Student: 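The structure's right below; bear with me while I get my questions together.
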Amino acid sequence: MAKVKGPTPQSQDFSQWYLDTIQLAELADYAPVRGTIVVRPYGYALWEHIQRVLDGMFKATGHQNAYFPLFIPMSFLQKEAEHVEGFSPELAVVTHAGGEELEEPLAVRPTSETIIGYMWSRWIRSWRDLPQLLNQWNNVVRWELRTRPFLRTSEFLWQEGHTAHATREEAEEETARMLGVYLKFAREYAALPVIPGKKTEREKFAGAVYTTTLEGMMKDGRALQSATSHFLGQNFARAFEITFQDKDLKEKHVWTTSWGLSWRIIGGIIMTHGDDRGLVLPPRLAPVQVVIVPIYKAESKERVLAAAKKLEAELTAAGLRVHTDDRDQYTPGYKFHDWELRGVPYRVELGPRDVEANAAVIKSRIGEKETAALPELKDLLPARLEALHGELFERALRFRRERTRVVDDYEAFKEAVAEGFALAYHCGDAACEKAIQEETKATARVIPLEFPAHGVLQDDEVLREAGEGVCVRCGRPAAYGRRVVFARAY
RNA sequence: CGGGGCGUAGCGCAGUCCGGCAGCGCGCCUGCUUUGGGGGCAGGAUGUCGCAGGUUCAAAUCCUGCCGCCCCGACCA
């Protein structure tokens, strides 16, 4: 047996495990500019599946894709007070182009509210021009001081949805609707049991009236913000004079929303499902759902490979994404490890004995080996992949429950956030929130919330309960009418 | 930006203290043999020792300056 090559064990150094896994599974690599990464073909294929699914959901809810420029006049970003304050420190700015200094510096977009607001101010005249329901898939740049692949990079890929509405109610509906879309995606495709809700004032998006969010728990107990949907009120409408004449003949400001999901979700998938062998990819998003590993000697090579190719064709016809690993230079054992590292949900082992018996050995990424008849695989594997999705979701939900504690005193709070989520009452004062961060490294992640009309529901009763209490840190009366999720976050 | 660490083959590192042939493991290439959980044997290729300058007969090693990366903090999707 050769020396074992795999990621650093999670228990030894979770952070190193994450970095190792990304490199070894060839999802991404570091690029020459600090904080930037190259997404390699396998990682990009995963992103493409995420895009495909979400894009379909956006279209189904009436949105259209568009594209706005990378460069934004600096003056645009300065028009909304909170927005400029929030994003200025991390802007990349172009000052020279074409060999000359520019008259006005250009910001490389950190997000596109401003330039879209500007264009809307020119496009929107009447209530008949509303709603505007736009989305764009693009890259944005935020010059972070500390970076990690997928979770925080100087440049990242995401989608940003932007909508404008005639009424507050409609815009708030939209905010909740899109949070629901993200929640559906997280649960039904990424198998991530995330907690939907609202951000506190301190944690909301710079320029929003309020921010809704999905918070997931990683395997080290830390929280990851997985998607956000913001109600922007009329903040940007006023800053960019986006007005329309309503049915009542009055000129009014529009109400806007924005919502986004970035490739950070890939980090969430890695850190929610992965294990010491490497990635564990949710079946509905996995670039390769089934890998066939043929096992042969010289004399059996031909018939085994023929059987493998035939099986691949059958499974592909059944709608599965299948790959046959016919690399001659590696042993079966090597291939098993390799595809486990890459997180492929199901493996089919096909050797001379199996071909003889018209059978194969199958194994889920997280389960045991079993034998199945070859003709049955085209029905069995799709069912097994669906079951695996459920197992992954349940396993992650169980983990989150085990690491979530309801706490009412500060000492218990500190213990809880050292290993997971703390559900605690809080006074709502930003200064108190800041003090908690300084004293425990934990921040308010989400105020759990439900929008039943949009499928935004909690998995756990404890997250659903309303209640009154006193702040876990300062003892003043609690705000929000319910417990807040606190955790150390990425 | 503050504190610490590190730059030597594609990757991980030894060699630096005490100047004297540029090394090891993995990977890679060729051939043979193997293949049901990371095979074996034989042969082979690969270096701006981070960069620049200085000391010296001689510098990866000593001196000076610069650059880059990583980790820990403060800031963040």
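Remember, predicted model here, so these are calculated numbers, not experimental data. Order of the sequence lines fixes the chain letters, A, B, ..., with proteins taken first and strands second; residue numbering starts at 1 for each chain.
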Student: Is any side-chain heavy atom of A/P7 closer than 4.5 Å to one of A/L24?
Tutor: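 Counting from C-beta outward, A/L24 and A/P7 do come under 4.5 Å.
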
Student: Specify the residues of residues 292-311 of chain A, ordered by number, for which at least one heavy atom lies under 4.0 angstrom from an atom of RNA chain B.
Tutor: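 Result for residues 292-311 of chain A: A/I295, A/Y296, A/K297, sorted by number.
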
Student: Grab the CZ-P distance between A/F336 and B/rU35 for me, whole Å please.
Tutor: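 Atom-to-atom, A/F336 to B/rU35, this comes out as 14 Å.
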
Student: Give me the distance, rounded to whole Å, that separates B/rG7 from B/rA60 when you measure between the P atoms they each carry.
Tutor: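 Result for the P pair: 16 Å, nearest Å.
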
Student: Listed by chain and number, what are the side chain to side chain contact (heavy atoms under 4.5 Å, CB included) partners of A/Q458, not counting sequence neighbours?
Tutor: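 Residues passing side chain to side chain contact (heavy atoms under 4.5 Å, CB included) with A/Q458: A/I195, A/P196, A/P448, A/E450, A/L463, A/R464.
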
Student: Write down the distance separating the P atoms in B/rG20 and B/rC29, rounded off to the nearest Å.
Tutor: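 Pairwise P distance, B/rG20 against B/rC29, rounds to 36 Å.
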
Student: Looking only at side-chain N and O atoms, does A/K441 come under 4.0 Å of OP1 or OP2 in B/rG73?
Tutor: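 So the side chain of A/K441 is within the cut-off, an N or O lying under 4.0 Å from OP1 or OP2 of B/rG73.
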
Student: Under the rule for side chain to side chain contact (heavy atoms under 4.5 Å, CB included), what residues qualify as partners of A/E349, not counting sequence neighbours?
Tutor: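 Result, side chain to side chain contact (heavy atoms under 4.5 Å, CB included) vs A/E349: A/I295, A/F336, A/R347, A/V361, A/K369.
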
Student: Both distances under 3.5 Å, Watson-Crick or G-U wobble: report the partner of B/rC62, or none.
Tutor: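 Here B/rC62 is engaged in a pair, and the nucleotide opposite it is B/rG54.
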
Student: Can you check the distance between B/rA22 and B/rU30, where both ends of the measurement are the P atom (answer in whole Å)?
Tutor: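 B/rA22 and B/rU30 have their P atoms separated by 29 Å.
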
Student: What donor-acceptor contacts under 3.5 angstrom involve side-chain atoms of residues 275-288 of chain A, with partners at least two apart or in another chain?
Tutor:
residue: A/D275; atom: OD1; partner: A/R277; partner atom: N; Å: 2.9
residue: A/D275; atom: OD1; partner: A/G278; partner atom: N; Å: 3.4
residue: A/D275; atom: OD1; partner: A/R365; partner atom: NH2; Å: 2.7
residue: A/D275; atom: OD2; partner: A/R365; partner atom: NH1; Å: 3.0
residue: A/D276; atom: OD1; partner: A/Q10; partner atom: N; Å: 2.7
residue: A/R277; atom: NH1; partner: A/E340; partner atom: OE1; Å: 3.1
residue: A/R277; atom: NH1; partner: A/E340; partner atom: OE2; Å: 3.4
residue: A/R284; atom: NE; partner: A/E386; partner atom: OE1; Å: 3.3
residue: A/R284; atom: NH1; partner: A/E188; partner atom: O; Å: 2.5
residue: A/R284; atom: NH2; partner: A/E386; partner atom: OE1; Å: 2.3

Student: Does any nucleotide pair with B/rU30 by Watson-Crick or G-U wobble geometry, both distances under 3.5 Å, and what is it?
Tutor: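 By the stated definition (distances under 3.5 Å), B/rA42 pairs with B/rU30.
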
Student: Could you identify the nucleotide paired to B/rG68, looking across every strand shown and requiring Watson-Crick or G-U wobble geometry with both distances under 3.5 Å?
Tutor: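 Base-paired to B/rC6.
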
Student: Pick base, sugar-phosphate or nothing for A/L261, based on heavy-atom distances below 4.0 Å to the nucleic acid.
Tutor: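 Answer is nothing: A/L261 stays at 4.0 Å or more from every strand.
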
Student: Can we call the ring centroids of A/H49 and A/Y189 under 6.0 Å apart?
Tutor: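 No.
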
Student: Are A/Y410 and A/F413 close enough that their ring centers fall under 6.0 Å?
Tutor: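 Under 6.0 Å, so yes.
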
Student: Show every side-chain hydrogen bond (donor to acceptor under 3.5 Å, both in side chains) that has at least one partner inside residues 288-299 of chain A, sequence neighbours left out.
Tutor: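 Listed by first then second residue: A/Y296-A/D328, A/E299-A/R303.
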
Student: Please list all pairs meeting side-chain hydrogen bond (donor to acceptor under 3.5 Å, both in side chains) that have one or both residues in residues 80-91 of chain A, counting only residues at least two apart or in different chains.
Tutor: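 Non-adjacent pairs meeting side-chain hydrogen bond (donor to acceptor under 3.5 Å, both in side chains): zero.
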
Student: What is the separation between atom NZ on A/K369 and atom P on B/rG36, rounded to the nearest whole Å?
Tutor: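 A/K369 atom NZ is separated from B/rG36 atom P by 10 Å.
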
Student: Please set out all donor-acceptor pairs under 3.5 angstrom arising from side-chain atoms of residues 63-74 of chain A, sequence neighbours excluded.
Tutor:
residue: A/H63; atom: ND1; partner: A/F58; partner atom: O; Å: 3.0
residue: A/H63; atom: ND1; partner: A/T61; partner atom: O; Å: 3.3
residue: A/H63; atom: ND1; partner: A/T61; partner atom: OG1; Å: 3.1
residue: A/H63; atom: NE2; partner: A/E174; partner atom: OE2; Å: 2.7
residue: A/N65; atom: OD1; partner: A/N135; partner atom: ND2; Å: 2.9
residue: A/N65; atom: ND2; partner: A/D55; partner atom: OD1; Å: 2.9
residue: A/Y67; atom: OH; partner: A/R109; partner atom: NH1; Å: 3.3
residue: A/Y67; atom: OH; partner: A/R109; partner atom: NH2; Å: 2.7

Student: Taking 4.0 Å as the cut-off, does a side-chain nitrogen or oxygen of A/T228 come that near to OP1 or OP2 on B/rA77?
Tutor: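 Answer no for this pair, as no side-chain N or O of A/T228 is under 4.0 Å from OP1 or OP2.
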
Student: Using whole Å, report how far NZ of A/K434 lies from P of B/rA74.
Tutor: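 Spelled out: NZ on A/K434 to P on B/rA74 is 11 Å.
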
Student: What are the residues of residues 337-366 of chain A, sorted by number, that bring a heavy atom to within less than 4.0 Å of RNA chain B?
Tutor: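 Those residues are A/H337, A/D338, A/E340, A/R347, A/E349, A/G351, A/P352, A/R353, A/D354, A/V361, A/K363.
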
Student: What does B/rU16 pair with, Watson-Crick or G-U, if both distances are under 3.5 Å?
Tutor: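 Pairing partner, where one exists within any strand: none, as none qualifies.
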
Student: Can you measure A/E438 atom CD to B/rG73 atom P for me and round it to whole angstrom units?
Tutor: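 After rounding, the gap between these two atoms is 14 Å.
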
Student: Not counting sequence neighbours, which residues clear side chain to side chain contact (heavy atoms under 4.5 Å, CB included) with A/V355? List them please.
Tutor: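 Applying side chain to side chain contact (heavy atoms under 4.5 Å, CB included) to A/V355 gives A/V304, A/A307, A/L350.
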
Student: Which is true for A/T153 with a 4.0 Å heavy-atom rule: it touches a base, it touches only sugar-phosphate, or it touches nothing?
Tutor: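 Base: the residue A/T153, judged by heavy atoms under 4.0 Å, touches a nucleobase.
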
Student: Answer with yes or no after comparing the ring centroid distance for A/W339 and A/H323 against a 6.0 Å cut-off, counting only values under it.
Tutor: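 Ring centroids of A/W339 and A/H323 are less than 6.0 Å from each other.
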
Student: What nucleic acid atoms does A/E144 come within less than 4.0 Å of, heavy atoms only: base, sugar-phosphate, or nothing?
Tutor: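 A/E144: base contact, heavy atoms under 4.0 Å.
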
Student: Under 4.0 Å, counting only non-hydrogen atoms across every strand here, what does A/F205 touch: a base, just sugar-phosphate, or nothing?
Tutor: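 Contact class for A/F205: none.
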
Student: Can you check the distance between B/rC49 and B/rC32, where both ends of the measurement are the P atom (answer in whole Å)?
Tutor: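 38 Å, rounded to whole Å.
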
Student: Does any residue of residues 195-203 of chain A have a heavy atom under 4.0 Å from RNA chain B, and if so, which ones, in number order?
Tutor: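 Nothing qualifies; none.
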
Student: Could you state the atom-to-atom distance from CZ of A/R148 to P of B/rC70 in whole Å?
Tutor: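 Between P of B/rC70 and CZ of A/R148: 12 Å.
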
Student: Between A/D328 (CG) and B/rG31 (P), how many Å, whole number?
Tutor: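 Spelled out: CG on A/D328 to P on B/rG31 is 12 Å.
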
Student: Pick the P atom in B/rG36 and in B/rA14, then give their distance to the nearest Å.
Tutor: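 About 35 Å, rounded to a whole number of Å.
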
Student: Tell me: CG of A/D13 to P of B/rC70, nearest whole Å?
Tutor: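 Roughly 15 Å, once rounded to whole Å.
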
Student: Suppose you measure atom C1' in B/rG38 against the same atom in B/rG50; what distance do you get, rounded to whole Å?
Tutor: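 The same atom, C1', in both gives a distance of 34 Å.
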
Student: So, is the end of the A/R222 side chain (NZ or CZ) under 6.0 Å from the ring centre of A/Y490 and within 45° of the ring's axis?
Tutor: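 Because its charged atom sits under 6.0 Å from the ring centre and within 45° of the axis, A/R222 does stack over A/Y490.
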
Student: I'd like the P distance from B/rU64 over to B/rC41, given in whole Å.
Tutor: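 My reading of the P atoms in B/rC41 and B/rU64 gives 48 Å.
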
Student: From the set B/rG37, B/rA77, B/rG38, return the single nucleotide nearest to any side-chain atom of A/R277.
Tutor: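 The listed nucleotide nearest to A/R277's side chain is B/rG37.
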
Student: Under the side chain to side chain contact (heavy atoms under 4.5 Å, CB included) test, which residues partner A/E172, sequence neighbours left out?
Tutor: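 A/E172 satisfies side chain to side chain contact (heavy atoms under 4.5 Å, CB included) with A/R168, A/Y210, A/F231 once adjacent residues are dropped.
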
Student: Of all residues at least two apart in sequence or in a different chain, which pass the salt bridge (charged side-chain N to carboxylate O under 4.0 Å, His left out) check with A/E438?
Tutor: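 Residues passing salt bridge (charged side-chain N to carboxylate O under 4.0 Å, His left out) with A/E438: A/K434.
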
Student: Between atom CG in A/L54 and atom P in B/rA77, what is the gap in whole Å?
Tutor: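 In whole Å, B/rA77 P and A/L54 CG are 20 Å from each other.
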
Student: Heavy-atom nearest nucleotide on RNA chain B for A/E155 versus A/S15: which residue maps closer to 5'?
Tutor: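 Nearer the 5' end of the strand: A/S15.
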
Student: Provide the distance between the two C1' atoms, one in B/rC63 and one in B/rG19, to the nearest whole Å.
Tutor: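 The answer is 13 Å between these two C1' atoms.
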
